[in-house]
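The structure appears below as structure tokens.
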Amino acid sequence: MAHTETSLQEFLERSDPPDSPPQILYPVFSSHDNFTFQTALNIAKGAGAELLVLDLLTDAGLETAETSRTSRELLQENLNEGHTVDAHLIVEETNSPLKTAVRVAKQRTIQLAVLDEHTPELFAEGVRGDAADRMRKKASCDVVSVIYPRAGPRVASVLVPVAEGNHCGLGVITGGALGVGADAPVDLFHVSEDKTEAEVTRVEELFETAKKRLPESVELDTWHLEAPDVAEAIINESAHYDVTVIGKPTQRSLLEFVTGSITASVTEESENAVLTVQRNGGAGFSFEER
């Protein structure tokens, strides 16, 4: 395990070897949440990735004060001899924290960015998308957004609803990496309104495809449930897990815009922490090949 601190310029100028591990970015904006940091740390640990903590200061006077000191203590307290994660702290003063985070993700070929509720809001979010959308599009990286109003102190179980959307594969990989890093079992879960023979076969194929994305080190189980309301079923089951990992809707129809999506309902009503994932496209974030 390595824990280093550097300036943004030094970090951007450094060269990585061809066989360097995947890189995960956790930007610290106005503040941070320990659960989100632990989530990023566990995903990095589980996937064999490198964790980059980017502390973005909006006031030069803060560089030697609370914000910078807190980010240093965050790594010192959570990274010890028992951790196998390479972690790096970059402290940077900026008047445009989100743009700086995008710049870092873009220039360093970040595979995954982990964001939380401290991420700055954007003008006209409902029309143009939120900060996670901006990060995904501008930096061309995958994104995990952490919602944790009901999160516990640790992760002991992970629920991953599996579907056929563009972001489902990333949800499986993220849930699997989180499970390995936190030493927690992962359940792949699918809800069908009617479990016909054809539907059972289709879902079994979904599970098999998902399993191929994960290494044998993931403690994995699958569950196919019949229920009339998909969102309600996921919300009900979330009460039995510490974290639910679900893909963000790829497109929003007019009806969905009015009534709300499954992901929105799960995020707002689940009895646990929710990780919403967005795949940028292409191969994206995955487990390091060993």
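- Checked by atom type and distance alone, the side chain of S238 pairs as donor or acceptor with a backbone atom of E271 at under 3.5 Å.
- Here NZ of K138 is found 12.0 Å from CG of D133. Values are rounded to the nearest 0.5 Å.
- Heavy-atom contacts from other residues, nucleotides or ligands closer than 6.0 Å to CD of E193 number 12 or fewer.
- For R279 (side chain) and F285 (main-chain N/O), a donor-acceptor pair under 3.5 Å exists by modelled atom type.
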- Message: Test side chain to side chain contact (heavy atoms under 4.5 Å, CB included) on F37 and V53; report intermediate values, then the result.
- Response: CA-CA 9 Å; F37 173 78; V53 179; 3.9 Å; yes
- What do the steps show when you test F35 against V155 for side chain to side chain contact (heavy atoms under 4.5 Å, CB included), and what is the final call? CA-CA 9 Å; F35 181 83; V155 175; 4.1 Å; yes
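- Closest approach of G48 to P22, counting heavy atoms only: O-CD, 3.8 Å.
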Solution key, residues 207-231 side-chain donor-acceptor pairs under 3.5 Å, sequence neighbours excluded:
| residue | atom | partner | partner atom | Å |
| --- | --- | --- | --- | --- |
| T209 | OG1 | E205 | O | 3.0 |
| H224 | NE2 | S192 | OG | 2.7 |
| E226 | OE2 | K195 | N | 3.4 |
| D229 | OD1 | A231 | N | 3.1 |
| D229 | OD1 | E232 | N | 2.9 |

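- Considering every non-hydrogen atom in both V245 and G175, the closest pair reads CG2-CA, 4.0 Å.
- Residues D242 and V158 are not in side-chain contact: their nearest non-hydrogen atoms beyond the backbone lie 4.5 Å or more apart.
- Between the S96 side chain and the K99 main chain, no donor and acceptor come within less than 3.5 Å of each other.
- Without hydrogens or angle criteria, N280 side chain to D142 main chain gives no donor-acceptor distance under 3.5 Å.
- Closest approach of V143 to L170, counting heavy atoms only: O-CD2, 4.2 Å.
- Taking the side chain as every heavy atom from C-beta outward, V146 and V114 approach each other to under 4.5 Å.
- Without hydrogens or angle criteria, H88 side chain to L52 main chain gives no donor-acceptor distance under 3.5 Å.
- Between V162 and C168, the closest heavy-atom pair is CG1-SG, 3.7 Å.
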- Task: Check the pair Y26 / T39 against side chain to side chain contact (heavy atoms under 4.5 Å, CB included), numbers first and verdict last.
- Result: CA-CA 10 Å; Y26 172 45; T39 297; over 6 Å; no
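- E199 places a side-chain heavy atom less than 4.5 Å from the side chain of H190.
- Side chains of S157 and D187 form no contact here, defined as non-hydrogen atoms less than 4.5 Å apart.
- Side-chain N/O atoms of Q23 and Q111 include no donor and acceptor closer than 3.5 Å.
- In this structure, Q38 CD and I43 CD1 are separated by 11.5 Å, a value rounded to the nearest 0.5 Å.
- With rounding to the nearest 0.5 angstrom, the SG atom of C141 is 7.5 Å from the CG atom of L25.
- Closest approach of V91 and L89 over heavy atoms only: CG2-CG, 4.0 Å.
- With rounding to the nearest 0.5 angstrom, the CG atom of N42 is 10.0 Å from the CD1 atom of I24.
- Checking side-chain atoms of T109 against main-chain N and O of A105 turns up no donor-acceptor pair under 3.5 Å.
- Between L56 atom CG and N95 atom CG the span is 11.5 Å, to the nearest 0.5 Å.
- Remark: T100 engages T94 in a side chain to side chain donor-acceptor pair (under 3.5 Å) (not counting sequence neighbours).
- Under the 4.5 Å side-chain criterion, counting only non-hydrogen atoms from C-beta, V186 is in contact with V160.
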- What do the steps show when you test E164 against L206 for side chain to side chain contact (heavy atoms under 4.5 Å, CB included), and what is the final call? CA-CA 8 Å; E164 294 174 310; L206 281 178; 3.5 Å; yes
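- For the atom pair CG of L159 and CD1 of I246, the computed distance is 9.0 Å after rounding to the nearest 0.5 Å.
- Judged by distance alone, with hydrogens and angles left aside, the side-chain atoms of D86 form no donor-acceptor pair with the main-chain N or O of E50 at under 3.5 Å.
- Here the side chains of T244 and P161 are in contact, with some heavy-atom distance below 4.5 Å.
- Remark: the backbone N or O of V144 is not paired with any side-chain donor or acceptor of T174 at under 3.5 angstrom.
- Here the closest non-hydrogen pair linking L275 and V243 is CD1-CG1, 3.6 Å.
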